[in-house]
There are 4 protein chains.
Amino acid sequence: MVTKPAKAAPDTARRSEKSRRAIYEAALALVGEVGYPRTTIEGIAARAGVGKQTIYRWWGSKADVLLEAFLDLGEQSAREAGASDQEPYAIPDTGDLAADIKAVLRATVDQLKDPRFEAPARALAAEGVVDEEAGRRFTSALMEPNIQLYVDRLRSAQEAGQVRPGIDPRIALEFFISPLAQRWLQYTGPISYDYTDTLVEYALYGLAPR
Amino acid sequence: MVTKPAKAAPDTARRSEKSRRAIYEAALALVGEVGYPRTTIEGIAARAGVGKQTIYRWWGSKADVLLEAFLDLGEQSAREAGASDQEPYAIPDTGDLAADIKAVLRATVDQLKDPRFEAPARALAAEGVVDEEAGRRFTSALMEPNIQLYVDRLRSAQEAGQVRPGIDPRIALEFFISPLAQRWLQYTGPISYDYTDTLVEYALYGLAPR
Amino acid sequence: MVTKPAKAAPDTARRSEKSRRAIYEAALALVGEVGYPRTTIEGIAARAGVGKQTIYRWWGSKADVLLEAFLDLGEQSAREAGASDQEPYAIPDTGDLAADIKAVLRATVDQLKDPRFEAPARALAAEGVVDEEAGRRFTSALMEPNIQLYVDRLRSAQEAGQVRPGIDPRIALEFFISPLAQRWLQYTGPISYDYTDTLVEYALYGLAPR
Amino acid sequence: MVTKPAKAAPDTARRSEKSRRAIYEAALALVGEVGYPRTTIEGIAARAGVGKQTIYRWWGSKADVLLEAFLDLGEQSAREAGASDQEPYAIPDTGDLAADIKAVLRATVDQLKDPRFEAPARALAAEGVVDEEAGRRFTSALMEPNIQLYVDRLRSAQEAGQVRPGIDPRIALEFFISPLAQRWLQYTGPISYDYTDTLVEYALYGLAPR
DNA sequence: GGATAACCGAGACGGTACGTCGTGTCTTATT
DNA sequence: AATAAGACACGACGTACCGTCTCGGTTATCC
């Protein structure tokens, strides 16, 4: 058996770190400046001072480049923020479920409105809507970890008796994030702290035991 | 004064109905077959047996063509379905709010899984995510009418004392449609009757008075 | 039978004369300035202010473009030179064979040294050496007509008794042109009026009857 | 003073003989198989199992590689043919000038038709046509030695009174080789023993004294 | 009922970007 | 120090579409 000759993967050890970083920066900058559809691989290469082939060698598509650039951006932010590194990301657990979730959603609102995040995030989301494979990839890389935090927090609340036992946290968390996601993705409504606070109140009222 | 030579809007009266229909069909077929990004104006024109200019004359972009084609598709379906035409679309009001909404959501699930709808719908959604102007246009053309139906039904339920008075229906309805929309758009989870039924139960529990 | 779908030849009637001329000029200029190998289709297109596709639509290769440009150049020169148009090209027949051929060869020497002709001519010759199909094409388009003139003149000389009857003019003419061609093509020796005069003398001595 | 850091000529003593031979073979094979323009340095390196740098270190261009490969091929053939090595190449001198030259030209015809020689020879010739420096290099390496043999033989014939005293052998020899060269290079006519025999007859008739 | 102006099909045009290939330079690890 | 291997910046390839722009050739009113 000849293990398919499918491209002869390049040698990762020799990869130019400098080029990779330059490509990330160029990609994010361009998406921010001219939008995803008018961001081209040629443009990224030119701006990064890199040959096109260097991009094609390591990534399969514009969406791939952007996904990694975006992940890298997240890691950077995380590194800058939580210098101490303990508990890099988690929903706080003060015992007050409503307050904890409101706080997290407010942070999410801030993030959704931060132009550094917004343009690439929309680009990826759009790509994922239309290309199932990409969509699943993006979802599992970008959203799944976050979703898991909600599941954990809700389960903890369930154990504390603040959420009815029969509730499936995997579904319940969607009451917090899906309405916000839809408003953001599809411009079906404005986004604000007030709005997310209301969301939490309405939803928890239904989730709490009587 | 020369009343601006800007574009000389074409004469709608002389428009070729045959070409318009051919373009709709070609556009929908291509999006279904090769996906939105690989659907091109040239391709639509060729398949419709139409000059490119005929498309550029009447529509401003690929997204525009597809939006109208999609709306047309909806009208057709409606015409076929409700021959009588009175009350073309409304959420039933049997007095049982949960049952009524479950029924509508089940129909939505069916529609989201119908490949005739899915491909163009995704295409439009993706375009809307990345292009705010298009997004608002699509939302107001495709979703707003639907949303209004939920608002109406919820208000009626509120009057009937089945929903707490303080609740804003514009927000409450998102508990029903946003989670489903997100699962569909972003592949964050499977879609089924069971799932939408559960959604309705969890949500109404919170919306109902005690 | 479906007569092969081999490219769907474009509509010659709609061809842009302006672009064609611009392409000829750009091609000849570039070959003259930077040489054939560094003349690129992209470069020609850019210099001519023309899309690449316009070149690819009408010509199959760089060599094709240059051949036509070169033929066009020849026609132009001819048109400028022989305004009267009678006898556009022929070897003079004064009765003195040696003098007639010397005169023509001197003109050829001038042409071979004219940089306007030299660069494209070499380019075509080189292409023809390496690509048999192109070679035959170039030879029959560029050299055959010329060769025929020699054949005619030699036959006329034969009838006048200045060349032995058994001689094949098709071969004899090579004594005049092949040595010159080789010196020019392969840099095997210098080119001058003296040289071509000598050639004629040596050769005619052998061709003349005793 | 720092004796210019220009290129740091590589150390010939350490050169890998095995690589050199492999490169020659690969180059000749590729030119024969796919033609000169589609023979690439990368292709040669890959086929020879050699790093690209090894080629760039020792040769300046594709043409250089091929020229040496071709010369090497000639030496090999010579070595195989004349095992004794004395008088590797010379035009025979039987006293019959016509017969001697006819014999040599017939051998040349054979060689020109041998595909092992033809492809690389054409490649080099074409390169030389378009690049004057390469042309002079190729001519002096590949043709000059041969030409000298004709000069010698003609001078000997001159001394024997078979060629008129005033004749310049450097020019006279072109009557034998240039027509053949042109037919071969430019496809202006077929090549055969008959043809070269006729050439010799026509030419010698003019060169011989009366 | 003939003139005339629009739309229509077709598709050539100047462009931009695509994804691939080859160049010549450079770096790394091996011999 | 030369080598096999191959990543790199660069430039050109030939193709696909873009949106604009003529071309005839139907229509479809308006005189």
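Just so it is clear, the model here is predicted, and its values are computed rather than measured. We use all heavy atoms of the structure for the numbers below, so side chains are in, but hydrogens, waters and symmetry mates are not. Each chain gets a letter, A, B and so on, in the order its sequence line appears, and its residues count up from 1.
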Can you list the steps and then say if C:L124 with C:F70 is a side chain to side chain contact (heavy atoms under 4.5 Å, CB included)?
CA-CA 9 Å; C:L124 291 171; C:F70 192 68; 3.8 Å; yes
Check this for me: does any side-chain nitrogen of one of A:E42 and A:K62 sit under 4.0 Å from a carboxylate oxygen of the other?
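Looking at A:E42 and A:K62, the cut-off is not met.
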Atom pairs under 3.5 Å, N or O on each side, protein against nucleotides 29-31 of chain F: can you list them with distances?
none

For B:W59 and F:dT20, what is the distance between atoms CH2 and P respectively, to the nearest whole Å?
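So the CH2-P distance, B:W59 to F:dT20, works out to 16 Å.
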Derivation of the side chain to side chain contact (heavy atoms under 4.5 Å, CB included) call for C:L30 and C:Y36:
CA-CA 8 Å; C:L30 282 174; C:Y36 182 72; over 6 Å; no
Of all the nucleotides listed (E:dA6, F:dA9, F:dG6), which has the minimum atom distance to the side chain of D:Q53?
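So the nucleotide nearest the side chain must be F:dG6.
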Look at the side-chain N and O atoms of D:R57 and state whether any lies under 4.0 Å from the OP1 or OP2 oxygen of F:dA2.
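Checking F:dA2 against D:R57, no side-chain N or O comes under 4.0 Å of OP1 or OP2.
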Specify the residues of residues 30-52 of chain A, ordered by number, for which at least one heavy atom lies under 4.0 angstrom from an atom of DNA chain E.
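Residues of residues 30-52 of chain A under 4.0 Å from DNA chain E: A:T40, A:I41, A:E42, A:K52.
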Using a 6.0 Å distance limit plus a 45 degree cone around the ring axis, check whether C:R14 lies over the aromatic ring of C:W58.
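No, a cation-pi geometry is absent between C:R14 and C:W58.
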Which is more 5' along DNA chain E, the nucleotide nearest C:D11 or the one nearest D:K62? Just name the residue.
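Its nucleotide being nearer the 5' end, the pick is C:D11.
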Whole Å only: how far is the OH atom of D:Y56 from the P atom of E:dG22?
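About 11 Å, once rounded to whole Å.
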With no hydrogens and no angle check, is any side-chain donor or acceptor of C:R122 less than 3.5 Å from a backbone partner on D:V130?
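Here the side-chain-to-backbone pair does not exist.
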Check each residue of residues 15-29 of chain C for a non-hydrogen atom within less than 4.0 Å of any atom in DNA chain E, then write out the ones that pass by number, or none.
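DNA chain E contact set from residues 15-29 of chain C: C:R15, C:S16, C:S19.
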Show your reasoning for whether side chain to side chain contact (heavy atoms under 4.5 Å, CB included) applies to B:W59 and B:R20.
CA-CA 11 Å; B:W59 293 277; B:R20 204 186 64 195; 3.8 Å; yes
Between D:R47 and D:A26, is there a donor-acceptor pair closer than 3.5 Å when you use the side chain of the first and the backbone of the second?
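Here the side-chain-to-backbone pair does not exist.
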With a 4.0 Å cut-off on N to O distance, would you call A:R137 and A:D64 a salt bridge?
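The answer is yes: the pair qualifies as a salt bridge.
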Is there a side chain to side chain contact (heavy atoms under 4.5 Å, CB included) between B:F138 and B:L67 once you walk through the steps?
CA-CA 7 Å; B:F138 298 165; B:L67 173 58; 3.5 Å; yes
Answer yes or no: is there an ion pair linking D:D72 with D:R21, defined by an N-O contact shorter than 4.0 Å?
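Counted as a salt bridge, because a side-chain N and a carboxylate O are separated by less than 4.0 Å.
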5′-ward residue of the pair C:T54/B:W58 relative to DNA chain E:
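With C:T54 and B:W58 compared, the 5'-side residue is B:W58.
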Any heavy-atom pair between the side chains of A:T54 and A:S16 that's under 4.5 Å?
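No; the side chains remain at least 4.5 Å from each other.
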